[in-house]
*Asks:* 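If you scroll down you'll find the structure; I have some questions about it.
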Amino acid sequence: GGIKNFYRGALIAGARQSIGFTTYISLLKEINSLTQAKLSEWKYLTLSLNAALAKSLAVTLTTPLVVLKTRMEVLTNSKSSVFSTLKQIVKNEKVNGLYRGASSLVSREIVFSFIHYGTYGFLKDTMNVKGIAQIQENILAAFVAASLANVVSHPFEVIRNRVQVESQLLENYKRYSNVFEGIVKIYKTEGLRGYIKGIGPRALKKPINNCINWVFFDLLTAKNDDK
């Protein structure tokens with residue numbers, strides 16, 4: 001109990017963030033280089049599509065970590081470790097349990113990345129400043145792009161959370177077998193408000209995480225380009 005409960009799953013969340021973002025960026029750079037010819041003609045659409053593809057591959061790799069994080073945050077008691085939670089999932093649900101909710105997770109990340117990366121590139125090019133002011137503008141661009149992407153992709157986050165939680169602990173109307181069923185059931189039983197449940201905490205976390213990740217990435221990229 002106590003304050004430790006606020007940090008349940010934090011270790012897994014950190015590992016997933018590090019592995020996921022590193023993989024995503026590496027894939028995105030490769031895909032961008034392969035589509036360089038298209039960037040001049042359809043730049044922002046191409047960037048968005050590239051980001052969606054890279055993210056779908058990266059998130060598939062880290063889905064088991066997301067499932068572990070979700071279970072530790074919601075279901076297990078405070079004494080449960082990463083290993084015991086993993087053992088429980090595999091024992092009760094086999095290896096497939098580690099990919100529960102994968103379709104909703106991939107859908108969320110595809111939508112988020114598609115909107116975020118193209119918007120981020122557009123905002124940076126529109127402001128087009130140099131020096132110290134560029135860092136400030138990049139922070140603003142990352143925050144605005146992530147905030148917009150977060151709102152649009154949040155319905156998939158609602159579905160993901162419910163799918164990755166053991167279904168017997170949820171009311172029947174919150175049990176879904178796939179993304180489409182989740183979208184339909186939420187609208188029928190909870191209305192449009194159902195799609196934005198829990199958006200408050202994520203509205204703070206996601207944009208801030210993206211600001212940190214992308215500003216540092218841009219700084220490192222700029223330094224490498226100068227060498």
*Asks:* Do the side chains of I183 and V158 join up, straight or via other hydrophobic residues, at under 4.5 Å, putting them in one cluster?
*Replies:*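 I183 clusters together with V158.
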*Asks:* Look up atom CG in L204 and atom CG in N209, then write down how far apart they are to the nearest 0.5 Å.
*Replies:* 10.5 Å
*Asks:* Only distances under 3.5 Å count here; give the side-chain donor-acceptor pairs of residues 52-59 to other protein atoms, sequence neighbours excluded, each with its distance to 0.1 Å.
*Replies:*
unit_1: S56; atom_1: OG; unit_2: A52; atom_2: O; d: 3.4
unit_1: S56; atom_1: OG; unit_2: L53; atom_2: O; d: 2.7

*Asks:* Heavy atoms only: give me the nearest S18-T22 pair and the separation to one decimal.
*Replies:*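 Looking at all heavy atoms of both residues, the closest pair is O-OG1, 2.7 Å.
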*Asks:* Tell me if a side-chain donor or acceptor on T119 pairs with a main-chain N or O of H116 at a distance below 3.5 Å.
*Replies:* no
*Asks:* Heavy-atom distance under 4.5 Å between the side chains of V151 and Y195, does that happen here?
*Replies:* no
*Asks:* Measuring only between side-chain heavy atoms, which start at C-beta, is W214 closer than 4.5 Å to F143?
*Replies:*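 Side chain of W214 against side chain of F143, heavy atoms only: no contact under 4.5 Å found.
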*Asks:* Using the side-chain hydrogen bond (donor to acceptor under 3.5 Å, both in side chains) rule, collect all pairs that involve residues 144-155, keeping only residues at least two apart or in two chains.
*Replies:* N150-R202
*Asks:* If you look at every heavy atom in V67 and G97, which pair is closest and at what distance?
*Replies:* CG1-O, 3.6 Å
*Asks:* Taking side chain as C-beta onward, heavy atoms only, is E157 less than 4.5 Å from R160?
*Replies:*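 Contact flag for E157/R160 side chains = yes.
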*Asks:* Salt bridge check: are K124 and E137 linked by an N-O gap of less than 4.0 Å?
*Replies:* no
*Asks:* Please list, chain by chain and in numerical order, all residues satisfying side-chain hydrogen bond (donor to acceptor under 3.5 Å, both in side chains) with Y120, sequence neighbours excluded.
*Replies:*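 Partners of Y120 by the side-chain hydrogen bond (donor to acceptor under 3.5 Å, both in side chains) criterion, ordered by chain and then number, come out as D218.
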*Asks:* Closest heavy-atom contact between S48 and G118?
*Replies:* OG-CA, 3.3 Å
*Asks:* When you compare the side chain of L105 with that of R108, does any pair of heavy atoms fall below 4.5 Å?
*Replies:*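 Yes. Closest side-chain heavy atoms under 4.5 Å.
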*Asks:* Can you name the nearest heavy-atom pair linking V215 to I135, along with the distance?
*Replies:* CG1-CG2, 4.1 Å
*Asks:* Sequence neighbours left out, what passes side-chain hydrogen bond (donor to acceptor under 3.5 Å, both in side chains) with N213? Give chain and number order.
*Replies:*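 Expected list: none.
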*Asks:* What's the shortest heavy-atom distance between A146 and P207, and which atoms?
*Replies:* CB-CA, 3.6 Å
*Asks:* List in chain and number order the residues that pass side chain to side chain contact (heavy atoms under 4.5 Å, CB included) with L98, two or more places apart in sequence or in another chain; answer none if no residue qualifies.
*Replies:*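 With sequence neighbours excluded, L98 shows a side chain to side chain contact (heavy atoms under 4.5 Å, CB included) to P64, L86, I89, V90, given in chain and number order.
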*Asks:* Compare every heavy atom of A51 with every heavy atom of S113, then report the nearest pair and how far apart it is.
*Replies:* O-CB, 3.6 Å
*Asks:* Does V152 share a hydrophobic cluster with F114, counting links as ILVMFWY side-chain heavy atoms below 4.5 Å and allowing steps through other members?
*Replies:* yes
*Asks:* If the threshold is 4.0 Å, N to carboxylate O, is there a salt bridge linking K188 and E181?
*Replies:* no
*Asks:* For residues 141-155, which residue pairs pass the salt bridge (charged side-chain N to carboxylate O under 4.0 Å, His left out) check, not counting sequence neighbours?
*Replies:* none
*Asks:* Is any side-chain heavy atom of Y44 closer than 4.5 Å to one of L47?
*Replies:*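 Yes; the side chains approach each other to less than 4.5 Å.
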*Asks:* Are any of the side-chain heavy atoms of F217 and K29 separated by less than 4.5 Å?
*Replies:*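 They are in side-chain contact.
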*Asks:* Please determine whether residues V144 and F122 belong to a single hydrophobic cluster, defined as Ile, Leu, Val, Met, Phe, Trp and Tyr linked transitively by side-chain heavy-atom distances below 4.5 Å.
*Replies:*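 Yes, because V144 and F122 connect within a single hydrophobic cluster, where side-chain heavy atoms sit under 4.5 Å apart.
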*Asks:* Can a salt bridge be assigned to the pair E190 and K197 using a cut-off of 4.0 Å between side-chain N and carboxylate O?
*Replies:*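 A salt bridge is present here (some side-chain N lies under 4.0 Å from a carboxylate O).
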*Asks:* Check whether any side-chain heavy atom of F156 lies under 4.5 Å from a side-chain heavy atom of V111, and answer yes or no.
*Replies:*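 The answer is yes, as the side chains (C-beta and beyond) meet within the 4.5 Å cut-off.
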*Asks:* Among side-chain atoms of S104 and R162, is any donor-acceptor pair under 3.5 angstrom?
*Replies:*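 There is no such pair (donor and acceptor under 3.5 Å, judged by atom type) between the side chains of S104 and R162.
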